[in-house]
Structures are given as C-alpha cells and as structure tokens.
Participant: 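Here it is, the structure in full.
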Amino acid sequence: MKKLLLIGAVLPALAGLAACGDRTTTDNTNTVVVDEGTANDTVLTDETLDGNAAATTGNATDAAGLTAQSFANTMAASDTFEIESAKIAQDKATVPALKKFAAQMVKDHTASTAKLKTAAASANVTPAPALTAEQNANLEALRAASGADFDTVYKQQQVAAHQQALSALQGYAANGEAASLKTFASNTAPVVEGHLKEVQGM
C-alpha cells in the first residue's frame, strides 16, 4: 500500500514538471518571436528615418554633460554654420520663402552670437567657433548644389541643424554647470524652435 501511495504522489509531480517544461518552451518560443518582431520594427523604423534627423538622438543628454567651454564652443559653431549656410542660401535659393528665411537666420544667429559671448564671459570662457567636419561638409554640399536641388539640401540641413541645436540648448538649460549659459540656453531655445517649425513647414 505504501508503494502504491508513493507512486501516486510521484506521478502528479512528474506531470507538473512536464507541464512546466511545456510552458517554458512556449515562453521561450514567444520570447524569440517578440525579439524578432522588435528587431524587425527597429530596422523598419531606421529605414524610414531621415539620416540627419536620426543624428540628433541623445544630443540633449550629451549637452547636459558638457562643460561651459564645450557648450560655448558648440553653440558658437552652430551660429557660425547657420550664418554661413544662410549667406549661401541668400544667393542660391530659388524659392523666395527660403531666401527670406535665410536672411532671418543671418539676423537671428548674429544676435545669438553676441548674446553667447556675453553669457560666456560671465562664465569666464571664450567661445571658439570651430566648425565640425559635418558642418564643413554640409557647407560644401550647399556650394555644389544648384536649382531645386539646392533648395532641398538647404531645407534638409536646416531641419537637422536646428534639431541638434535645440536639443543641445534644452539639455544644457536643464543640467548645465554655468548659470549664465543656462540662462542663455533657456532664452535661445524658443527662438531656435521657432526656426525649426518654420523650415519644417516649407
């Protein structure tokens, strides 16, 4: 009788283990399917993203970790790029609205440069507006383009550049180390956001 009871107790336990094994297999299978779906979603998303826009990912986080000098340099280079590209656009753009936008960029980013210098001086740093390799390449692309192609390239560059600048400004305004530059970032971000919305609407 004891042997029969022992067998009776073992069999349900074995059945339970088998059932657990089945669930584990099912769970593992589901996990693989989910992972594959996620991977496919990521690929599709990346393929549909504009390359320049995608490059802005993480800029706010990066800006938050910038020193006062690095932030000042970044924004000085951004202003310089905007002014130089706008001057080219004033000469080569075929759409009147783009020429008007370019003129506004020269005006607003010249003003931004002056405000940046004042804010940086309060933080005991001097902005060094050295363009990045990407910014130099973009200027070369503008110089090489013409007609409707120029208009397209300029608009694409402006969307990407203003997204990058806005992200950097917002990041530093939230977590920057120098009070005067944080104020500059907070005050300048809405202006840059306005530029971004304007060019996106063209």
Participant: Would a single hydrophobic cluster contain both I88 and V153, if residues Ile, Leu, Val, Met, Phe, Trp and Tyr are joined by side-chain heavy-atom contacts under 4.5 Å?
Facilitator: yes

Participant: Specify the closest pair of heavy atoms between G176 and K182, including all atoms of both residues, with the distance to one decimal.
Facilitator: O-CD, 3.1 Å

Participant: For A161, which residues count as a side-chain contact (heavy atoms from CB on, under 4.5 Å) partner, sequence neighbours excluded?
Facilitator: F81, E82

Participant: Among the clusters formed by ILVMFWY side chains lying less than 4.5 Å apart, do L196 and M75 turn up in the same one?
Facilitator: yes

Participant: Is it true that a side-chain atom of E177 and a backbone atom of T67 form a donor plus acceptor pair closer than 3.5 Å?
Facilitator: no

Participant: Which heavy atom of A130 sits nearest to which heavy atom of A77, and what is that distance?
Facilitator: O-CB, 3.4 Å

Participant: Could I get the full list of side-chain contact (heavy atoms from CB on, under 4.5 Å) partners for A93, not counting sequence neighbours?
Facilitator: L98, K99, F150, D151

Participant: Could you please spell out the steps behind the side-chain contact (heavy atoms from CB on, under 4.5 Å) verdict for L139 and L131?
Facilitator: CA-CA 10 Å; L139 290 177; L131 296 182; 3.6 Å; yes

Participant: Search all heavy atoms of A119 against all heavy atoms of S180 and return the closest pair with its distance.
Facilitator: O-OG, 2.7 Å

Participant: Using distance alone, with no hydrogens and no angle criterion, decide if Q69 and N73 have a side-chain donor and acceptor under 3.5 Å apart.
Facilitator: yes

Participant: With no hydrogens and no angle check, is any side-chain donor or acceptor of Q158 less than 3.5 Å from a backbone partner on V199?
Facilitator: no

Participant: Rounded to the nearest 0.5 Å, how far apart are CD of E198 and NE2 of H162?
Facilitator: 9.0 Å

Participant: Where is the tightest heavy-atom contact between A97 and M202, given as atom of each residue plus distance?
Facilitator: O-CE, 3.7 Å

Participant: If the plane angle is over 60° it's perpendicular, under 30° parallel, otherwise tilted; pick one for H195 and H109.
Facilitator: tilted

Participant: Give a yes or no on whether the backbone of A178 and the side-chain of Y172 come within a donor-acceptor separation of less than 3.5 Å.
Facilitator: yes

Participant: Do F71 and L169 touch side chain to side chain, with heavy atoms closer than 4.5 Å?
Facilitator: yes

Participant: For L166 and A189, which heavy atoms make the closest approach, and how far apart are they?
Facilitator: CD1-O, 3.5 Å

Participant: Short question: side chain of K92, backbone of R143 - any donor-acceptor pair under 3.5 Å?
Facilitator: yes

Participant: Can you tell which of I83, D108, T80 makes a side chain to side chain contact (heavy atoms under 4.5 Å, CB included) with T113?
Facilitator: I83

Participant: Please identify each residue that fulfils salt bridge (Lys or Arg N to Asp or Glu O under 4.0 Å) with K115, with sequence neighbours left out.
Facilitator: none

Participant: Is any side-chain heavy atom of L181 closer than 4.5 Å to one of L116?
Facilitator: yes

Participant: Please report the closest heavy-atom contact between M105 and A86, naming both atoms and the distance.
Facilitator: CB-CB, 3.8 Å

Participant: Going from OG on S85 to CD on Q135, what distance comes out if it is rounded to the nearest 0.5 angstrom?
Facilitator: 9.0 Å

Participant: Keeping T74 on the side-chain end and S70 on the backbone end, is there a donor-acceptor pair under 3.5 Å?
Facilitator: yes

Participant: Roughly how far, to the nearest 0.5 Å, is the CG atom of D149 from the CG atom of L142?
Facilitator: 12.0 Å

Participant: Could you check whether any side-chain heavy atom of Q164 comes within less than 4.5 Å of a side-chain heavy atom of E134, counting everything from C-beta outward?
Facilitator: yes

